[in-house]
Every structure is written in C-alpha cells, then in structure tokens.
Amino acid sequence: QVQLVESGGGLVQAGGSLRLSCAASGRTFSTYYMGWFRQAPGKEREFVTSISRTGVNTYYADSVKGRFTISRDNAKNTAYLQMNSLKPEDTAVYYCTAGMIRGTELTDFGSWGQGTQVTVSS
C-alpha cells in the first residue's frame, strides 16, 4: 500500500478557490489511480474525482464538474485537487485515495489519507 498525506485545506468564502495536495510515499505512485472523496457532517463519504495512472483520463462527480480539476505529477509522487467557484455545500473533509482500478466506490480504493478540512462560508 501507499501512504498518503493531504494538505491545503482551510476556510474560504463562497466563490473562492483552494488547492489540495496529496503526497504519496513509495516508488510505485505511477501505478495507482488517484482519487478524492469527501465527507460532510452527517453524510456518507462520496466520490469527487479520480485520475488515471498517466493523468490522461479524469473523472468527476456531476456536482463538481467544471469547477474542480484533478491532476498529478508522477515525478513528485503528488496528486492535486484544484477547487474553484467553491460553494458552501462543498464544505467537507476531503480524503485522498489510491487504488489499482478505475472506480467511484469506496471499495475501489485501498489506501486513504487522514483527510483535510475544507470549509466554505456563505
């Protein structure tokens, strides 16, 4: 498994932007699909976005399509989530995740970070 550490969360006003980073340990980063999930208080953890091993293919939940962008730098063992036009409903703990297959379910991913809080004020 790969160890993941997120950073970049914080408090931002509606309409603002944040960039999350996910640093991975190990030498096999490029063999993993990378993804981001989020969990709001009282709600289940939900899929946000994922990216293929080479970064060519990306996938988004409808709720963030056009506002969020996932990317990766395999030379730096790091994945990113650029979040623009943030809304109060984007408030959640954001988790970085890694898996061996393309997927949108929790069970499709085997490694998880500790999460980083994103709070969007209205």
Side-chain angles (χ1 to χ4, degrees):
Q1 285 190 338
V2 62
Q3 281 70 51
L4 305 171
V5 179
E6 303 98 333
S7 61
L11 173 64
V12 64
Q13 288 188 331
S17 299
L18 279 176
R19 188 194 196 202
L20 306 183
S21 297
C22 173
S25 65
R27 296 173 291 178
T28 60
F29 179 74
S30 62
T31 67
Y32 290 92
Y33 278 82
M34 297 300 296
W36 292 90
F37 282 67
R38 67 186 181 186
Q39 188 167 19
K43 295 187 177 181
E44 294 185 350
R45 194 172 298 189
E46 65 175 2
F47 171 79
V48 176
T49 180
S50 66
I51 188 168
S52 61
R53 297 180 178 91
T54 62
V56 170
N57 297 306
T58 57
Y59 316 92
Y60 297 93
D62 288 343
S63 58
V64 305
K65 203 170 294 184
R67 300 187 298 122
F68 289 12
T69 303
I70 189 172
S71 61
R72 67 189 296 162
D73 186 336
N74 287 346
K76 295 183 178 179
N77 282 10
T78 303
Y80 305 96
L81 180 62
Q82 177 67 44
M83 305 184 294
N84 298 329
S85 302
L86 282 162
K87 305 175 181 179
E89 51 263 44
D90 294 319
T91 295
V93 177
Y94 283 71
Y95 296 90
C96 177
T97 186
M100 300 307 295
I101 61 173
R102 172 192 169 187
T104 61
E105 302 296 327
L106 292 171
T107 52
D108 293 330
F109 296 89
S111 298
W112 294 85
Q114 82 288 351
T116 185
Q117 177 70 47
V118 171
T119 302
V120 184
S121 63
S122 57

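Computed from heavy atoms alone, side chains included, the values below leave out hydrogens, waters and symmetry copies. These numbers come from a predicted model, not from an experiment.
In this structure, CZ in R102 is found 9.5 Å from OG in S52, a value given to the nearest 0.5 Å. The structure places OG of S30 at 5.0 Å from CG of N74, a figure rounded to the nearest 0.5 Å. The distance from atom CG of L81 to atom CE of M34, rounded to the nearest 0.5 Å, is 11.5 Å. Once rounded to the nearest 0.5 Å, the distance linking OG1 of T104 with CD of E46 reads 11.5 Å. Atom CD1 of I101 sits about 4.0 Å away from atom CG of D108, to the nearest 0.5 Å.
Evaluation of the ring-ring contact (aromatic ring centres under 6.0 Å, His included) rule for F47 yields F37 as partners, not counting sequence neighbours. Listed by chain and number, the residues in a side-chain contact (heavy atoms from CB on, under 4.5 Å) with Q117 are T91, V93, T119 (sequence neighbours excluded). In this structure, the side-chain contact (heavy atoms from CB on, under 4.5 Å) partners of R53, at least two apart in sequence or on a different chain, are Y33, M100. Applying the side-chain contact (heavy atoms from CB on, under 4.5 Å) test to T58 and every residue at least two apart in sequence or in another chain returns I51, Y60, I70. Remark: Q114 pairs with V5, E6 by the side-chain contact (heavy atoms from CB on, under 4.5 Å) rule, at least two apart or across chains.
A salt bridge links D90 to R67: at least one charged side-chain nitrogen sits closer than 4.0 Å to a carboxylate oxygen.
A cation-pi arrangement is present between R45 and Y95 under the rule of less than 6.0 angstrom and at most 45 degrees off the ring axis.
In this structure, a donor-acceptor pair under 3.5 Å is present between the side chains of N84 and S17. In the model, Q82 has no side-chain atom that pairs as donor or acceptor with a side-chain atom of T69 under 3.5 Å.
Atom NZ of K65 is surrounded by more than 12 heavy atoms from other residues, nucleotides or ligands within 6.0 Å.
No continuous path of hydrophobic side-chain contacts links F29 to F109 [ILVMFWY only; heavy atoms under 4.5 Å]. Clustering ILVMFWY residues whenever any of their side-chain heavy atoms sit less than 4.5 angstrom apart, transitively, puts M83 in the very cluster that holds V64. Both L20 and V12 sit in one connected hydrophobic cluster of ILVMFWY residues. Membership requires side-chain heavy atoms under 4.5 Å apart, directly or through other members. Residues V118 and Y80 do not share a hydrophobic cluster, defined by chaining ILVMFWY side chains whose heavy atoms lie under 4.5 Å apart.
The shortest distance between side-chain heavy atoms of T97 and W36 does not fall below 4.5 Å. R38 has its side chain within reach of S63: a pair of non-hydrogen atoms, C-beta onward, lies under 4.5 Å apart.
Annotation: disulfide (SG to SG under 2.5 Å) contacts involving residues 32-103, sequence neighbours excluded, comprise C22-C96.
Side chain of S25 to backbone of V2: no donor-acceptor contact under 3.5 angstrom is found. When atom types are taken as modelled, the side chain of T78 and the backbone of K76 share a donor-acceptor pair closer than 3.5 angstrom. At least one donor-acceptor pair under 3.5 Å links the side chain of T49 to the backbone N or O of Y59.
When all heavy atoms are compared, the tightest approach of Q39 to K43 is NE2-O, 3.1 Å.
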